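What follows is a short report on a single structure.
Convention: sequence-line order gives letters A, B, ...; per-chain numbering from 1. As the structure is a prediction and not an experimental result, all values here were calculated from the model.
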Number of protein chains: 2
Amino acid sequence: MSRPSHVRDAVAERLLDPSRHGWTIEELQRDLHQAKIPADYSSVFRSLVLLERRGVAQRVELGDGKARYEASGEHHEHVRCERCGDVSVVPDCIVEEAADEIERSTGFRLQAHRLVLLGLCPDCLALP
Amino acid sequence: MSRPSHVRDAVAERLLDPSRHGWTIEELQRDLHQAKIPADYSSVFRSLVLLERRGVAQRVELGDGKARYEASGEHHEHVRCERCGDVSVVPDCIVEEAADEIERSTGFRLQAHRLVLLGLCPDCLALP
DNA sequence: ATCCGTGCAAAATATTTGCACGATC
DNA sequence: GATCGTGCAAATATTTTGCACGGAT
């Protein structure tokens, strides 16, 4: 039923790469371009929408006004470098533990959370 | 040196109100309008920029694509209701404690963080 | 023949800036 | 008279949608 979709395939392939997280649409497009897979911004966008509906990708908000995507899977938090924009992962969820106490103090029923840590990455720390 | 600025004053007054957090520009404008203080969107925006530069206001990202502002001051986290958009405050910072461990495991030097908790507020929980 | 993937361009959403006018200093 | 606050409209930045074409089924 499915026809070849080189754009979508290439997008999925990049999302699955565990060494990068929080791709913006533009970053994906640029990376595709460098791999000789020219694709329209809207095609990348639609690929992401579809991959998200299929449960392959998930959209994450990293608080910089850009839509970012990564492979859906284990929950984790992100650290974003405020200098170069690089995104890394914090494997442990430090929010879970506090959830009960927060629900009690606020009256909210918690469903999800987004934690973005901001700082300087090791590379940028080494610079002046 | 400063001339009367009813828009900016009214904006600041609302930000300082401790019963509301995370105002969007549009919410502020609507609230001003109801208080018979018609103001242009851009005037509210510029008031916020100025108030932020003065250290009175701070911009917070609550992950819904809108710029949100509140009085600068004590650090705290936010809970946003996914149904009605209402924003409340979580006084305690649950991130501080984990910061050291995160810096060690990621190599980042942490400078700030944004935690947005998502769920249902007490009012919406009471609805069907 | 139909359906789906793609590119191109326009719409939609939200923020930011340019310009002119009038009020305040 | 110069400066600052404001409204109006245009410029940006990004995401989202409409449309048409062409290839795969």
Please state whether the phosphate of D:dG5, meaning OP1 or OP2, lies under 4.0 angstrom from any side-chain nitrogen or oxygen of B:Arg8.
-> yes

Whole-Å gap separating P (C:dG5) and NE2 (A:His6) = 12 Å

Any side-chain N or O of A:Ser5 under 4.0 Å from OP1/OP2 of C:dT6?
-> yes

Can you tell me the distance, in whole Å, between the CZ atom of A:Phe45 and the P atom of C:dG5?
-> 15 Å

Rounded distance (Å) that lies between atom C1' of D:dC4 and atom CZ of B:Arg54 = 11 Å

Along DNA chain C (nearest heavy atom to each residue), the more 5'-positioned of B:Asp40 and B:Asp64 = B:Asp64

Side-chain donor-acceptor pair under 3.5 Å between A:Glu77 and A:His75, yes or no?
-> yes

With a non-hydrogen cut-off below 4.0 angstrom, is A:Val49 in contact with a base, only sugar-phosphate, or nothing?
-> nothing

If only side-chain N and O atoms of B:Ser43 are considered, is one of them under 4.0 Å from the OP1 or OP2 phosphate oxygen of D:dG7?
-> yes

Test salt bridge (charged side-chain N to carboxylate O under 4.0 Å, His left out) applied to A:Arg20 and A:Glu13, A:Glu70, A:Glu27, the passing residue | A:Glu27

Starting from C1' on D:dT16, measure out to CD on A:Glu52 and report it in whole angstrom.
-> 14 Å

ring-ring contact (aromatic ring centres under 6.0 Å, His included) pairs touching residues 8-32 of chain B, sequence neighbours excluded, are B:His21-B:His76

What integer distance in Å separates A:Arg46:CZ from C:dC3:C1'?
-> 15 Å

In whole angstrom, give the distance that lies between atom NZ of B:Lys66 and atom P of C:dA12.
-> 17 Å

OP1 or OP2 of D:dT16 less than 4.0 angstrom from a side-chain nitrogen or oxygen of A:Arg59, does that happen here?
-> yes

From the list C:dT17, C:dT6, D:dT6, which nucleotide is the closest neighbour of the side chain of B:Ser47?
-> D:dT6

Step through the shown structure and confirm whether more than 12 heavy atoms of other residues, nucleotides or ligands are within 6.0 Å of CD on B:Glu52.
-> yes

Here the distance between atom P of D:dT6 and atom CG of B:Leu50, to the nearest Å, is 10 Å

Rounding to a whole Å, what distance do you find between B:Arg53:CZ and D:dG5:P?
-> 10 Å

